[in-house]
Amino acid sequence: ADAAMHLDHFVGDEVEHVAHLGLGQRDQLGHVRAAGVDRRQGGFDGAIEVFSYYINLYPQDPFRREMSYLIARALTELKQYESALRAFSAVIEKYPDTKEALESAVIMANIGVKSPGLKIPAHMAGAENYRDPVATYDRVLQRDLPSLELTERILFQKAYALYQRKQYRE
């Protein structure tokens with residue numbers, strides 16, 4: 001559901017962006033819109049393919065950061081967690097101190113709670129988020145978060161992670 005919400009935001013913003021695109025890019029924008037519809041209907045594979053193509057074709061595009069994040073989200077929805085972790089890692093490495101990097105860290109932590117023990121490279125950016133979800137939630141909770149709802153969601157995720165570890169008192 002969150003992935004679709006992010007995609008709706010992207011599709012709305014890219015309409016504003018179209019005025020700055022050349023004719024060839026406008027054709028590509030139709031494919032990006034189609035990927036958005038495809039993702040909302042559960043066709044995450046097609047969305048990943050189109051977003052990846054667009055990112056490679058237009059490396060300076062301002063939507064590259066959000067598309068990279070959406071690729072990682074789609075991989076998560078497909079339960080391809082190792083690939084998703086690598087994609088979130090790339091977002092954290094390329095776009096530190098952004099909303100997408102923060103959300104990537106939280107989702108990496110969520111995957112760490114849901115699927116511990118995956119083999120990931122030790123040097124991967126953000127690997128600590130996967131390996132120690134509780135510390136990630138604590139780090140994120142120390143920041144100024146944009147909404148009470150987000151704060152509550154992360155507190156719930158932290159509580160669930162502690163429950164999974166059988167650390168009931170914390």
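Since we're looking at a predicted model, the values are computed, not measured.
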For Ala127 against Pro121, the heavy-atom pair lying closest together: CB-O, 4.1 Å
Closest non-hydrogen atom pair between Glu93 and Ala125, with its separation: CB-CB, 3.9 Å
Side chains of [X] and [Y], heavy atoms from C-beta outward: is any pair under 4.5 Å?
X: Arg64; Y: Tyr54; result: no
X: Ile92; Y: Leu102; result: no
X: Glu82; Y: Leu75; result: no
X: Val113; Y: Tyr130; result: no
X: Gln157; Y: Asn110; result: yes
X: Thr76; Y: Ile111; result: yes
X: Ser68; Y: Lys94; result: no

Under the side-chain hydrogen bond (donor to acceptor under 3.5 Å, both in side chains) test, residues paired with Thr136 that sit two or more places apart: Asn129, Arg139
Pairwise side chain to side chain donor-acceptor pair (under 3.5 Å) hits with a residue in residues 114-127, at least two apart: Tyr81-Lys114
Full working for side chain to side chain contact (heavy atoms under 4.5 Å, CB included) between Phe88 and Glu103: CA-CA 9 Å; Phe88 285 124; Glu103 291 177 9; over 6 Å; no
Approximate separation, where rounding is to 0.5 Å, of [X] [atom1] and [Y] [atom2]:
X: Glu100; Y: Leu70; atom1: CD; atom2: CG; result: 8.5 Å
X: Ile154; Y: Glu152; atom1: CD1; atom2: CD; result: 11.0 Å
X: Phe51; Y: Met67; atom1: CZ; atom2: CE; result: 6.0 Å

Atom CD of Glu49: over 12 foreign heavy atoms under 6.0 Å: no
Greater than 12 external heavy atoms within 6.0 Å of Asn56's CG: yes
For [Y], does its backbone N or O pair with a side-chain atom of [X] as donor and acceptor, under 3.5 Å?
X: Thr98; Y: Tyr95; value: yes
X: Ser89; Y: Leu85; value: no
X: Tyr53; Y: Ile48; value: no

Flag for Tyr69-Arg65: side-chain donor and acceptor within less than 3.5 Å: no
Side-chain H-bond candidate by donor/acceptor type, Ser83 with Arg86, under 3.5 Å: yes
Salt bridge flag under 4.0 Å for residues Arg165 and Asp132: yes
Stepwise side chain to side chain contact (heavy atoms under 4.5 Å, CB included) test for Arg131 and Met108: CA-CA 9 Å; Arg131 289 192 185 102; Met108 288 177 85; over 6 Å; no
Stepwise side chain to side chain contact (heavy atoms under 4.5 Å, CB included) check, Asp61 with Ile55: CA-CA 8 Å; Asp61 190 279; Ile55 286 170; over 6 Å; no
Phe156 and Tyr160 aromatic ring geometry - parallel, tilted or perpendicular at 30°/60° bounds: parallel
